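For reference, the structure discussed in these notes is given below.
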Amino acid sequence: MSTTNPKLFNFFEDVYAVVRLIPKGRVTSYGAIAAYLGAKGSSRMVGWAMNGAHNVKPKVPAQRVVNRNGLLTGKHHFGPSDEMEKLLLKDGVKVENDKVVNFAKVFWDPMVELSIED
DNA sequence: CGATTGACGTACG
DNA sequence: TCGTACGCCAATC
């Protein structure tokens with residue numbers, strides 16, 4: 001905690017907040033969240049924030065967050081290798097070959113959905 | 001305290 | 001089109 005200032009630590013909370021705002025049947029990418037928070041180049045921090053997504057309450061639907069290719073890169077972090085796919089499928093998101101089907105169609109961009117401009 | 005890693009993404013050849 | 005390099009910042013070794 002000494003290396004992490006409370007103010008900067010809020011970045012993680014923002015990530016969790018945005019992820020929780022993801023509608024059912026939709027997915028987004030780490031970079032999209034990072035860009036929305038103004039940390040476009042810090043996409044890794046989003047992924048690192050998700051690392052604690054299981055530890056926060058209410059739990060964060062991290063399964064709705066995939067990489068830019070729509071690939072379920074973090075599925076291994078859910079425990080069972082098919083847990084993430086199962087959660088997405090339950091949300092109505094089809095997953096095939098560890099990848100989101102119609103990714104562009106189910107893609108939920110916080111920059112647009114949350115209306116950055118008027 | 002320095003080096004390495006990591007659920008990413010972009011740039012370059 | 002594909003592979004490699006680098007940046008980003010925090011946590012871990």
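As the structure is a computational prediction, the values presented were derived from the model and not from experiment. Side-chain atoms are counted along with the backbone in the values below, which use heavy atoms only and exclude waters and symmetry mates. Each chain gets a letter, A, B and so on, in the order the sequences are listed, and its residues count up from 1.
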Could you give the [atom1]-to-[atom2] distance, from [X] to [N], as a whole number of Å?
X: A:Tyr30; N: B:dG6; atom1: OH; atom2: P; result: 14 Å
X: A:His54; N: B:dA7; atom1: NE2; atom2: C1'; result: 9 Å
X: A:Met50; N: B:dA7; atom1: CE; atom2: P; result: 13 Å
X: A:Phe12; N: B:dG6; atom1: CZ; atom2: P; result: 16 Å
X: A:Trp48; N: B:dG9; atom1: CH2; atom2: P; result: 16 Å

- Kindly indicate whether a cation-pi arrangement holds for A:Arg64 with A:Tyr30, taking the cut-offs as under 6.0 Å to the six-membered ring centre and within 45° of the axis.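 Output no; distance or angle outside limits.
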- Is a salt bridge present between A:Lys75 and A:Glu85, judged by a nitrogen-to-oxygen distance below 4.0 Å?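 The answer is yes: the pair qualifies as a salt bridge.
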- Just checking A:Asn67: base, sugar-phosphate only, or nothing, at a heavy-atom cut-off of under 4.0 Å?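 Sugar-phosphate contact only - A:Asn67 comes under 4.0 Å of backbone atoms but never of a base.
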- Query: Rounding to the closest angstrom, what is the interatomic distance between B:dT4 and C:dA5 at atom P?
  - Reply: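 That atom pair is separated by 15 Å.
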Minimum-distance nucleotide to [X] side chain [options: [options]]:
X: A:Arg68; options: B:dT10, C:dG7, B:dA7; value: B:dT10
X: A:Asn51; options: B:dG9, B:dA7, C:dA11; value: B:dA7
X: A:Ala62; options: B:dT10, B:dG6, B:dA7; value: B:dA7
X: A:Ser29; options: C:dC9, B:dG9, B:dA7; value: B:dG9
X: A:Ala53; options: B:dG6, C:dC9, B:dA7; value: B:dA7

- Task: Nearest 0.5 Å please: distance from the OG1 atom of A:Thr73 over to the NZ atom of A:Lys99.
- Result: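 With rounding to 0.5 Å, OG1 (A:Thr73) is 14.0 Å from NZ (A:Lys99).
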- Task: Test A:Ile33 against every option in A:Val18, A:Asp109, A:Asp14 by the side chain to side chain contact (heavy atoms under 4.5 Å, CB included) rule and name the one that passes.
- Result: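 Exactly one candidate clears the test, A:Val18.
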